[in-house]
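In what follows, chains are A, B, ... by sequence order, proteins preceding strands, each numbered from 1.
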2 protein chains.
Amino acid sequence: MPRPLPSQGLAIGDLAARTGLAVSAIRFYETHGILAPVRNAGGHRRYARSDIRRLSFAMAAQKLGLPLAEIAGHLKDLPPDRAISQADWTRISRDLRAGIDARIAALTRLRDKLDGCIGCGCLSLDRCALYNPDDARADEGPGPVLLERD
Amino acid sequence: MPRPLPSQGLAIGDLAARTGLAVSAIRFYETHGILAPVRNAGGHRRYARSDIRRLSFAMAAQKLGLPLAEIAGHLKDLPPDRAISQADWTRISRDLRAGIDARIAALTRLRDKLDGCIGCGCLSLDRCALYNPDDARADEGPGPVLLERD
DNA sequence: CCTTGATCTGAAGTGCGCTTGAGAAATTAC
DNA sequence: GTAATTTCTCAAGCGCACTTCAGATCAAGG
């Protein structure tokens with residue numbers, strides 16, 4: 001049972017166990033500025049307790065659709081030794097809510113267009129509402145957004 | 001002005017001009033089973049008019065969030081020489097609508113959870129509703145789903 | 001002390017949807 | 001007939017979020 005003294009900090013495996021993340025993911029996040037652990041004499045990473053919260057924040061923000069670069073942007077404004085406070089979270093989460101609302105609105109517009117298209121079947125590049133650019137952003141993104149079929 | 005006889009079929013550049021797609025994208029789609037053009041004596045691809053419609057369908061389906069593999073799946077059920085009919089489109093688009101509805105519902109649930117979290121700020125891995133697995137699918141996908149900030 | 005197990009680094013691989021580039025051959029415009 | 005344009009193939013690169021692997025070092029339990 002790994003039970004390091006608090007003074008030594010947490011090992012990466014402990015942090016992985018507590019957050020449910022893979023060790024490799026935590027290291028990856030470090031290269032992207034989410035965390036900045038100190039090293040012990042042997043070169044191993046040692047984490048503060050506040051890092052659990054940084055990762056919690058990152059995981060929550062990812063579920064809300066933020067790319068890692070943005071998450072890192074929010075986190076680098078905070079002192080590395082300080083955990084995310086309630087005030088931080090409230091401030092940030094209000095922004096996120098606006099983003100979700102916009103996505104819902106875009107999807108709803110898309111659905112309405114599709115309703116108009118069912119039974120039409122024209123798919124005309126000139127006339128079909130589906131090609132209208134204003135909804136193009138709704139579903140794009142680096143990769144496909146899977147329809148939930150599970 | 002490239003104006004090939006209909007008997008020769010369309011060149012890839014013509015198809016690109018008519019659909020707005022890049023030539024490279026059309027070739028890429030071919031490798032993924034969306035199209036299967038014939039070749040002329042010199043080895044150049046020649047497309048039928050119905051291929052414009054196949055690409056239109058693919059573009060519309062992509063806006064609805066389908067990955068290329070699924071689009072190819074729908075298209076390979078149809079004879080290569082036949083264009084997408086209205087009946088095809090109606091059948092398929094009803095499925096797609098259900099998928100969009102599900103995505104909207106998932107995002108709405110996520111938003112409601114976030115509302116419960118604003119002002120709470122706990123981000124507790126045990127208790128926070130944001131970590132509840134049933135919404136995890138809503139935003140995952142190969143890459144991040146950008147919040148629309150444009 | 002010694003053996004497990006955890007951790008280290010850096011490079012490469014994955015999946016999706018493409019684009020870019022090189023070098024050659026075909027086609028078209030004049 | 002020649003020059004300009006298009007097309008050809010194949011390989012590699014990109015962006016995102018990671019994982020996997022190899023080979024070496026470090027830490028901890030008995």
Side-chain angles (χ1 to χ4, degrees), chain A residues 1-5 8-35 37-47 55 58-59 61-73 136 139-147, chain B residues 1-5 8-35 37-47 55 58-59 61-73 136 139-147:
Chain A
M1 288 148 216
R3 185 165 283 270
L5 299 176
Q8 301 177 184
L10 296 159
I12 194 168
D14 299 330
L15 197 56
R18 278 163 175 271
T19 59
L21 290 166
V23 167
S24 60
I26 296 173
R27 278 195 283 250
F28 178 76
Y29 290 163
E30 182 180 340
T31 68
H32 286 251
I34 306 284
L35 297 168
V38 297
R39 302 301 182 111
N40 72 358
H44 286 200
R45 293 169 178 84
R46 292 303 162 197
Y47 296 90
L55 288 180
M59 292 164 80
Q62 279 202 301
K63 287 212 171 149
L64 298 175
L66 272 85
L68 275 188
E70 298 230 12
I71 297 169
D139 289 275
E140 76 179 11
V145 178
L146 293 177
L147 298 184
Chain B
M1 290 146 211
R3 185 166 285 269
L5 299 176
Q8 302 177 184
L10 297 159
I12 194 168
D14 299 330
L15 198 57
R18 278 163 176 270
T19 58
L21 290 166
V23 166
S24 61
I26 296 173
R27 278 196 282 250
F28 178 77
Y29 289 163
E30 182 180 340
T31 68
H32 285 251
I34 307 284
L35 297 169
V38 298
R39 301 301 181 110
N40 73 358
H44 286 200
R45 294 170 178 83
R46 292 302 162 200
Y47 296 90
L55 288 179
M59 292 164 80
Q62 277 201 302
K63 286 212 173 147
L64 298 174
L66 271 85
L68 275 189
E70 298 230 12
I71 297 170
D139 290 275
E140 78 180 13
V145 179
L146 294 178
L147 297 185

Gap between atoms [atom1] and [atom2], on [X] and [N] respectively (whole Å):
X	N	atom1	atom2	value
A:D14	D:dA27	CG	C1'	12 Å
A:L21	C:dT7	CG	P	14 Å
B:M59	C:dC18	CE	C1'	14 Å
A:L15	C:dC8	CG	C1'	16 Å
A:R46	C:dA6	CZ	C1'	9 Å
A:E70	D:dG15	CD	P	16 Å

Could you list the protein-to-nucleotides 9-13 of chain C atom pairs, N/O on both sides, closer than 3.5 Å?
unit_1 : atom_1 : unit_2 : atom_2 : d
C:dT9  : OP1    : A:R39  : NH1    : 2.9
C:dT9  : OP1    : A:R39  : NH2    : 3.0
C:dT9  : OP2    : A:R45  : NH1    : 2.9
C:dT9  : OP2    : A:R45  : NH2    : 2.7

Measuring from the side chain of [X] (C-beta onward, heavy atoms only), which nucleotide among [options] has the closest atom?
X	options	result
B:H44	C:dC18, C:dT27, D:dT19	C:dT27
A:I12	C:dC8, D:dC18, D:dT7	C:dC8
A:L68	D:dA17, C:dA6, D:dT19	D:dA17
A:F28	D:dT7, D:dA27, D:dA17	D:dA17

Quiz item: OP1 or OP2 of C:dT27 sitting under 4.0 Å from any side-chain N/O of B:N40?
Solution: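 Affirmative; the distance criterion is met.
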Quiz item: Are any of the side-chain heavy atoms of A:L10 and A:R45 separated by less than 4.5 Å?
Solution: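 No, too far: nothing below the 4.5 Å cut-off.
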Quiz item: Is there side-chain contact between A:V23 and A:I26, with at least one heavy-atom pair below 4.5 Å?
Solution: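 Not touching, per the 4.5 Å side-chain cut-off.
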Quiz item: Mapping A:S24 and A:G42 onto DNA chain D by nearest heavy atom, which one lands closer to the 5' end?
Solution: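 Counting from the 5' end, the first nearest nucleotide belongs to A:S24.
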Quiz item: Per the side-chain contact (heavy atoms from CB on, under 4.5 Å) rule, which among B:E30, B:R27, B:R46 passes with B:P37?
Solution: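 It is B:E30, the one option of B:E30, B:R27, B:R46 that forms the side-chain contact (heavy atoms from CB on, under 4.5 Å) with B:P37.
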